[in-house]
Chemist: 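Here it is: the structure, laid out below.
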Amino acid sequence: DESIYIVNEPFLSMNIDSASLYQENIGGRLNFSDPDLMDYGKQFCTSSPGEAILRIGGSCADKLIFINDDFNNSTEQKIWIDFDYWDSIINYIDYTNCKLVWDLNALSLRNDDNTWNSSNAEMLFQHMKDNNQNIYGFEFGNEPGHYYTRHYPDAPDAIQLGKDLNTLKSLLYTYFHNNNDSFPVIFGPDNCGPGNMDDDSPCGNRKFFMDIISNGKEALNGVTVHHYGLISAKSEENNCNVQDFTNGSVIFTPEKNYYIWKHLKNSILGNKQESNIDLILGETASSGTGGCPELSNSYAAGFWYVHTLGEVASIQYDQIFRQDFVGWSGIGDPSYYALAGDGGWSGAYTTDENGNVIEPIKLIPNPDFYTSVLYKQLMGKQVLNVTYTDHLFNPMIYGVSIHINCAVESIERNIPKGAITIAYANTRNNNVNLGNQILTSNGYISTYPRIEYILKTG
């Protein structure tokens with residue numbers, strides 16, 4: 001009954017990794033004209049107020065360039081995008097009503113003085129301007145701490161990256177200042193989160209994160225961070241097992257980095273009400289580096305997913321992006337945490353050794369796709385405070401995670417104004433009884449009449 005935060009509409013959006021655009025992928029690069037990809041994208045993006053954002057980005061964005069007719073293949077960049085393919089992405093966005101955020105190559109296109117070489121991005125901006133194409137926004141590179149620690153001392157440092165964000169905003173104004181309400185937003189810096197963000201972190205320490213947003217704060221509309229939940233589930237010591245995916249003491253453990261990023265962002269920029277700058281979990285899935293085969297895209301991943309959606313909202317993040325919708329998580333690395341299809345799905349037509357055309361494999365949604373759509377349809381933007389009459393209740397011990405929002409009002413789904421939605425994940429071997437009443441600050445209220453959606457294996 002007490003609203004502790006109001007998240008954005010949309011709250012839940014999704015990503016396609018730039019690796020899915022690689023022209024030499026097995027099965028070809030992602031076909032944005034595939035009918036199933038178009039229809040499921042539309043279903044996701046139109047399932048809630050505010051629709052949804054489709055971010056195309058990731059580490060491979062920093063290996064991607066746009067090419068024209070003069071391209072001579074003399075480049076170290078891995079992924080080449082011509083404007084016919086770009087236009088197919090724009091057509092996809094128009095059909096699905098998704099809002100596109102495009103991740104620019106920020107890290108491997110540098111001038112001699114290590115400032116950003118924007119010439120390739122400007123080629124894209126000019127094409128967009130010439131063809132009256134508008135997108136929701138841009139990101140600037142991916143997980144720059146990784147790049148810095150791997151390429152030091154030749155990589156741009158955090159202060160330079162912050163300054164480059166301001167350069168990007170100036171360029172966007174040059175090309176799109178007449179767009180008024182559709183002027184592109186800028187998200188960044190896509191900081192990632194293994195470890196404690198100390199000096200040993202491969203993603204850059206806290207100072208690295210703070211230096212970027214301090215020097216780029218005039219450009220940023222949203223501060224983005226990345227975190228993958230079950231880090232222990234995919235490691236050299238523990239190579240993916242279902243026990244971690246269904247163990248409440250593992251999946252319901254509070255993620256301290258969520259709080260660290262929130263504190264650092266607010267200490268520099270202020271909270272959302274003070275700065276109007278969002279705090280965004282820009283990538284997340286059950287386990288990193290492509291996920292766990294037959295687990296991260298299975299029913300078992302749903303316990304972590306339902307909990308994380310509620311946890312991130314209750315910590316007062318404004319948006320969350322699920323990694324991935326389809327495809328690849330890196331060049332040569334299938335996305336096993338995809339919302340739809342098997343890892344490496346592309347929807348592209350290919351040919352066999354005899355030149356016969358092979359039709360693409362049909363795209364089939366995975367369980368978390370349905371969880372995503374249902375969450376968007378039912379969980380409204382007002383996040384409610386959840387307390388327990390049993391003050392010793394601990395989700396990690398009891399194996400149950402509960403989150404409550406105001407419901408999305410819907411005549412079609414018979415949800416009246418003032419209704420609430422309870423989302424819970426139960427890892428126990430016995431049922432959870434939600435009871436007939438909920439205690440609020442105004443006394444007990446009945447949980448009837450109610451509509452129940454129970455997700456279970458087929």
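These numbers come from a predicted model, not from an experiment.
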Chemist: With no hydrogens and no angle check, do the side chains of Ser59 and Asn142 hold a donor and an acceptor under 3.5 Å apart?
Modeler: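 Distance-only check passes for Ser59 and Asn142.
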
Chemist: Would you say Thr284's side chain and His227's backbone share a donor-acceptor pair under 3.5 angstrom?
Modeler: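 Checking the backbone N and O of His227 against the side chain of Thr284, a donor-acceptor pair under 3.5 Å is found.
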
Chemist: Please say whether more than 12 non-hydrogen atoms of neighbouring residues, nucleotides or ligands are located less than 6.0 Å from CD1 in Ile358.
Modeler: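 Enclosed.
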
Chemist: Main chain of Thr371, side chain of Asp368: is a donor-acceptor contact present, judged purely on distance under 3.5 Å?
Modeler: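 The answer is no, because no donor-acceptor pair under 3.5 Å joins these two groups.
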
Chemist: Please answer whether the main-chain N or O of Gly347 pairs with a side-chain N or O of Asn31 as donor and acceptor at a distance below 3.5 Å.
Modeler: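 The answer is yes, because a donor-acceptor pair under 3.5 Å joins these two groups.
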
Chemist: Count the heavy atoms of every other residue, nucleotide or ligand shown that sit under 6.0 Å from NZ of Lys78, and state whether that count exceeds 12.
Modeler: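 Atom NZ in Lys78 is not crowded, with 12 or fewer foreign heavy atoms closer than 6.0 Å.
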
Chemist: May I ask you to check if Lys376 and Phe44 form a cation-pi contact, with NZ or CZ under 6.0 angstrom from the six-membered ring centre and within 45° of the axis?
Modeler: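 Yes, Lys376 sits over the ring of Phe44.
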
Chemist: Apply the test side-chain contact (heavy atoms from CB on, under 4.5 Å) to residues Leu104 and Leu124: give CA-CA distance (whole Å), side-chain angles for both, the deciding distance (0.1 Å), then the verdict.
Modeler: CA-CA 10 Å; Leu104 293 166; Leu124 169 64; 4.3 Å; yes

Chemist: Using the rule given for side-chain contact (heavy atoms from CB on, under 4.5 Å), can you reason through Gln382 versus Ile6, listing the C-alpha separation, both sets of side-chain angles and the distance that settles it, and then say yes or no?
Modeler: CA-CA 5 Å; Gln382 289 178 282; Ile6 298 177; 4.1 Å; yes

Chemist: Nearest 0.5 Å, what's the CG-CG distance between Asp244 and Leu230?
Modeler: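 Reported value, rounded in 0.5 Å steps: 6.5 Å.
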
Chemist: Verify side-chain contact (heavy atoms from CB on, under 4.5 Å) between Asn105 and Lys63, making sure each step is shown before the conclusion.
Modeler: CA-CA 7 Å; Asn105 186 335; Lys63 304 172 184 176; 5.7 Å; no

Chemist: Going by atom types alone, do Asp34 and Tyr349 pair a side-chain donor with an acceptor below 3.5 Å?
Modeler: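 No, no side-chain donor-acceptor contact under 3.5 Å.
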
Chemist: Keeping the roles fixed (side chain from Asn426, backbone from Asn430), state whether a donor-acceptor pair exists under 3.5 Å.
Modeler: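 Indeed, once roles are kept as given, a pair shorter than 3.5 Å links the two residues.
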
Chemist: Answer yes or no: does atom CD of Gln273 have more than 12 heavy-atom neighbours from other residues, nucleotides or ligands under 6.0 Å?
Modeler: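 Enclosed: over 12 neighbouring heavy atoms sit under 6.0 Å from CD of Gln273.
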
Chemist: Given 3.5 Å as the limit, does a donor-acceptor pair link the side chain of Gln316 with the main chain of Ile4, or not?
Modeler: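 Yes.
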
Chemist: Could you tell me how the ring of Phe325 sits relative to the ring of Phe369: parallel (under 30°), tilted (30 to 60°) or perpendicular (over 60°)?
Modeler: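 Parallel, since the angle between the ring planes stays under 30°.
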
Chemist: Would you name the heavy atoms of Arg29 and Trp80 that are closest together and state the gap between them?
Modeler: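 Heavy atoms of Arg29 and Trp80 come nearest at NH2-O, 2.5 Å.
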
Chemist: Which residue is it: Asp190, Asp324, Asp17? I am looking for the one with a salt bridge (Lys or Arg N to Asp or Glu O under 4.0 Å) to Arg55.
Modeler: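 It is Asp190, the one option of Asp190, Asp324, Asp17 that forms the salt bridge (Lys or Arg N to Asp or Glu O under 4.0 Å) with Arg55.
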
Chemist: Donor-acceptor pair, Lys217 side chain versus Ile268 backbone, under 3.5 Å?
Modeler: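 No: the side chain of Lys217 does not pair with the backbone of Ile268.
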
Chemist: Within a reach of under 6.0 Å around CD of Gln23, are more than 12 heavy atoms found that belong to other residues, nucleotides or ligands?
Modeler: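 Correct, the count exceeds 12.
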
Chemist: Could you check whether Lys381 makes a cation-pi contact with Phe11, meaning its NZ or CZ is under 6.0 Å from the centre of the six-membered ring and within 45° of the ring axis?
Modeler: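 Verdict for Phe11: no cation-pi partner in Lys381.
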
Chemist: Counting N and O atoms only, with roles assigned by atom type, does the side chain of Asp211 sit under 3.5 Å from a partner on the main chain of Ile159, one being a donor and the other an acceptor?
Modeler: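 No; zero donor-acceptor contacts below 3.5 Å.
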
Chemist: Apply side-chain contact (heavy atoms from CB on, under 4.5 Å) to Asp82 and list each qualifying residue two or more places apart in sequence or on a separate chain.
Modeler: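 Checked Asp82 against side-chain contact (heavy atoms from CB on, under 4.5 Å); matches are Ile67, Asp84, Tyr85.
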
Chemist: Taking Asn366 for the side chain and Gly341 for the main chain, is one N or O donor matched with an acceptor at less than 3.5 Å?
Modeler: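 At least one qualifying donor-acceptor pair exists.
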
Chemist: Within a radius of less than 6.0 Å around CG of Leu374, do more than 12 heavy atoms belonging to other residues, nucleotides or ligands occur?
Modeler: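 Yes.
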
Chemist: On the 0 to 90° scale, with breaks at 30° and 60°, tag the Tyr258-Trp261 ring pair as parallel, tilted or perpendicular.
Modeler: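 It falls in the tilted class, 30° to 60°.
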
Chemist: Verify the distance criterion only: is there a donor paired with an acceptor across the side chains of Ser33 and Ser88 at less than 3.5 Å?
Modeler: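 No.
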
Chemist: If you look at every heavy atom in Gly137 and Pro184, which pair is closest and at what distance?
Modeler: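 Shortest heavy-atom contact: CA-CB, 3.9 Å.
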
Chemist: Give a yes or no answer on whether the side chain of Thr246 reaches the backbone of Thr427 with a donor-acceptor pair at less than 3.5 Å.
Modeler: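 The answer is no, because no donor-acceptor pair under 3.5 Å joins these two groups.
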
Chemist: Check the orientation of Phe321 and Phe187. Use parallel for under 30°, tilted for 30 to 60°, and perpendicular for over 60°.
Modeler: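 If you compare the ring of Phe321 with that of Phe187, the planes turn out perpendicular.
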
Chemist: Any chance the side chains of Ser287 and Tyr336 put a donor and an acceptor closer than 3.5 Å?
Modeler: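 The criterion, which ignores hydrogens and geometry beyond distance, is not satisfied for Tyr336 and Ser287.
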
Chemist: Looking at side-chain heavy atoms only, is the closest gap between Val225 and Lys265 below 4.5 Å?
Modeler: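 Not in contact.
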
Chemist: Can you tell me if Asn247 uses its side chain to pair, donor with acceptor, with the backbone of Ser249 under 3.5 Å?
Modeler: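 Flag set: sc Asn247 to bb Ser249 pair under 3.5 Å.
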
Chemist: Where does the angle between the aromatic ring planes of Trp116 and Phe140 fall among parallel (under 30°), tilted (30 to 60°) and perpendicular (over 60°)?
Modeler: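 The arrangement is perpendicular - the two ring planes meet at more than 60°.
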
